[in-house]
Amino acid sequence: MELKRDGLNRYRLPRHGKMRVDAVVYVNEHLLPYLREDKSLEQLMHAACLPGVVEPVIGMPDIHEGFGLPIGGVMAVAPDGVISCGAVGMDINCGVRLIRSDLLARDFDKPLLRRLMERIEDYVPTGVGKKGKHKGLTAHIFEDVAHRGVQAVIEAGFGAPGHLEYIEEEGCLPGADIAAVSREACARGSVQLGTLGGGNHFIEIQEVTDVYDPELAARFGLFRGQLTVMIHTGSRGFGHQICTDYTKRLAAVAPKYGIELPSKGLAAAPIDSREGQDYYKAMACAVNFAFANRQIIMTDVVRAFGDVLGFSAEAIGMRPVYDVAHNIAKWEKHYGRRLLVHRKGATRALCAGHPANPPVYRDTGHPAVVPGSMGTASYVLVGTEKAAETFFSVNHGAGRLLSRTAAEKKITREEFERAMGEVLYNTRNYREVVDEAPLAYKDIEQVVETLVAVGITKKVVRMRPLAVIKGKD
DNA sequence: ATGTCC
């Protein structure tokens with residue numbers, strides 16, 4: 001493929017064949033070779049063929065092959081174009097919440113961290129197929145959650161109204177309608193609020209080790225030596241079922257609207273069609289579910305801290321720094337136009353002064369929370385004015401390097417344990433999480449530095465993991 | 001990612 005260098009760490013795939021626009025990928029010399037190892041470039045080209053797509057389709061430095069749009073992809077579409085469930089992903093509103101505290105990491109030795117992990121696991125079900133522990137309560141408010149997101153769970157006693165301003169979209173994407181969601185999706189979702197899930201999802205206790213921008217860090221409530229908690233999860237079986245349902249439905253009706261689908265995974269329909277509108281309504285339900293899911297899990301984590309430390313949540317200053325989606329489609333204004341921006345494995349990162357920032361972060365830009373792999377560092381970034389060229393988006397993590405099966409074959413116990421170092425983890429057998437080993441992922445430092453060098457983002461702080469809770473049986 | 005194959 002004729003990838004052309006287009007400035008520092010930027011490569012352009014010029015429009016050709018059925019592509020309507022160019023694709024642009026951000027990689028440095030370390031990450032560039034990975035592009036040849038999977039079908040992610042081909043998948044970006046497919047996205048560039050869809051009606052209404054706006055130049056360019058973007059690949060982030062953590063890009064890798066997915067179902068439809070690659071993970072690490074951004075696709076903006078004009079109102080006369082299409083909406084695609086394959087450009088949002090199976091785990092709708094998979095995302096990350098960073099929680100601050102007034103606690104110092106140095107006060108937490110390994111036995112104390114172990115007690116915290118165990119108590120968190122008592123409260124938060126982890127692993128595939130698990131049901132929530134607040135089952136009756138959350139099933140009762142399920143429809144309200146789908147429509148109103150975090151507000152509905154705050155009213156049910158999970159957290160405080162003040163948390164809303166620290167969540168993208170204030171925890172509710174407008175336009176959700178449960179009538180567009182299948183009974184099956186509702187049956188799966190209604191019992192899963194407050195659950196972590198499996199795969200790359202986690203709850204991590206961290207220490208802020210590096211502050212790159214003291215003024216911004218202070219504005220975000222972060223400081224060196226601080227204990228933080230990060231939650232990475234999404235919409236569980238609810239979003240998964242919605243994506244499955246609508247991939248079938250949109251693929252079936254695409255020909256009726258004269259749309260030639262470039263791949264099976266990129267099922268799409270016109271934004272203004274009945275089916276496209278229905279997908280948006282259903283997707284918004286899953287977005288709201290996932291924001292609420294992270295809110296419930298946060299309150300359970302704070303409760304665990306309170307139990308173990310003997311303090312109230314207020315006394316230890318725990319609240320969200322920010323909660324960001326990295327699998328979502330949203331209406332946003334770019335270059336003076338209203339566009340439906342699909343981000344799949346990409347994080348919104350608005351610059352200082354951007355009017356779409358939440359009021360608390362209006363003049364700083366909101367924190368863009370970027371987790372590393374299990375056992376490696378995570379970052380808080382902020383977008384710059386130059387991020388306009390990525391529709392104000394940055395990467396969503398380190399990005400997978402090996403498939404789950406390849407990781408299971410290649411990575412030994414010794415390699416896994418060496419990579420984890422002193423980091424505590426909850427699984428007894430490394431085989432349960434070897435597909436999540438740091439060696440199965442790209443180097444988060446290379447990924448972040450790629451965008452920093454281009455000037456799209458600035459580092460605010462870096463956190464190192466102390467203890468990580470992953471899904472297990 | 002996922003009641004990891006209805």
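Throughout, protein chains are lettered first and strands after them, A, B, ... in sequence-line order, and every chain is numbered starting at 1.
One side chain, A/Glu121 or A/Asn426, offers a donor N or O that lies under 3.5 Å from an acceptor on the other. Side-chain atoms of A/Arg343 and A/Ser393 include a donor-acceptor pair closer than 3.5 Å.
Taking atom NE2 on A/His201 and atom P on B/dT2, their separation rounds to 5 Å, with Å as the unit. Here B/dT2 presents its P atom at 13 Å from CD1 of A/Ile71, a figure rounded to the nearest Å. Rounded to an integer number of Å, the gap from A/Asp435 CG to B/dT2 P is 12 Å. Distance A/Tyr246 OH to B/dT2 P: 21 Å, rounded to the nearest Å. In this entry the distance linking CD of A/Glu184 with P of B/dT2 reads 16 Å, nearest Å. In this structure, the CD atom of A/Glu408 is 15 Å from the P atom of B/dT4, given to the nearest Å. The CG atom of A/Asp91 sits 15 Å away from the P atom of B/dT4 (whole-angstrom rounding). For A/His232 and B/dT2, the NE2 to C1' distance is 14 Å, given to the nearest whole Å.
Classified by interplanar angle (parallel below 30°, tilted 30° to 60°, perpendicular above 60°), the ring pair A/Tyr430/A/Phe416 is tilted.
Taking a 4.0 Å limit (strictly below) on heavy-atom distances, residues 423-430 of chain A does not reach DNA chain B anywhere. Residues from residues 128-139 of chain A with heavy atoms under 4.0 angstrom of DNA chain B, sorted by number: A/Val128, A/Gly129.
At a threshold of 4.0 Å, the pair A/Asp278-A/Arg249 counts as salt-bridged, since one of the basic side-chain nitrogens sits closer than that to a carboxylate oxygen. A/Glu170 has no carboxylate O lying under 4.0 Å from a charged side-chain N of A/Arg148, or vice versa, which leaves the two without a salt bridge. At a threshold of 4.0 Å, the pair A/Glu65-A/Lys39 does not count as salt-bridged, since none of the basic side-chain nitrogens sits closer than that to a carboxylate oxygen.
Contact annotation for A/Gly198: backbone-only contact, meaning every heavy-atom pair under 4.0 Å involves sugar-phosphate atoms and none involves a base. As judged by a 4.0 angstrom heavy-atom cut-off over every strand, A/Gln192 is placed among residues touching the sugar-phosphate backbone only.
The number of heavy-atom neighbours closer than 6.0 Å to NZ of A/Lys131, taken from other residues, nucleotides and ligands shown, is 12 or below.
Taking the ring centroids of A/His232 and A/His396, they lie at or beyond the 6.0 Å cut-off.
Within the 4.0 Å cut-off from OP1 or OP2 of B/dT4, not a single side-chain nitrogen or oxygen of A/Arg404 is found.
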Could you go through the side-chain hydrogen bond (donor to acceptor under 3.5 Å, both in side chains) check for A/Glu389 and A/Tyr26 one step at a time?
-> CA-CA 11 Å; A/Glu389 72 181 54; A/Tyr26 294 86; 2.6 Å; yes

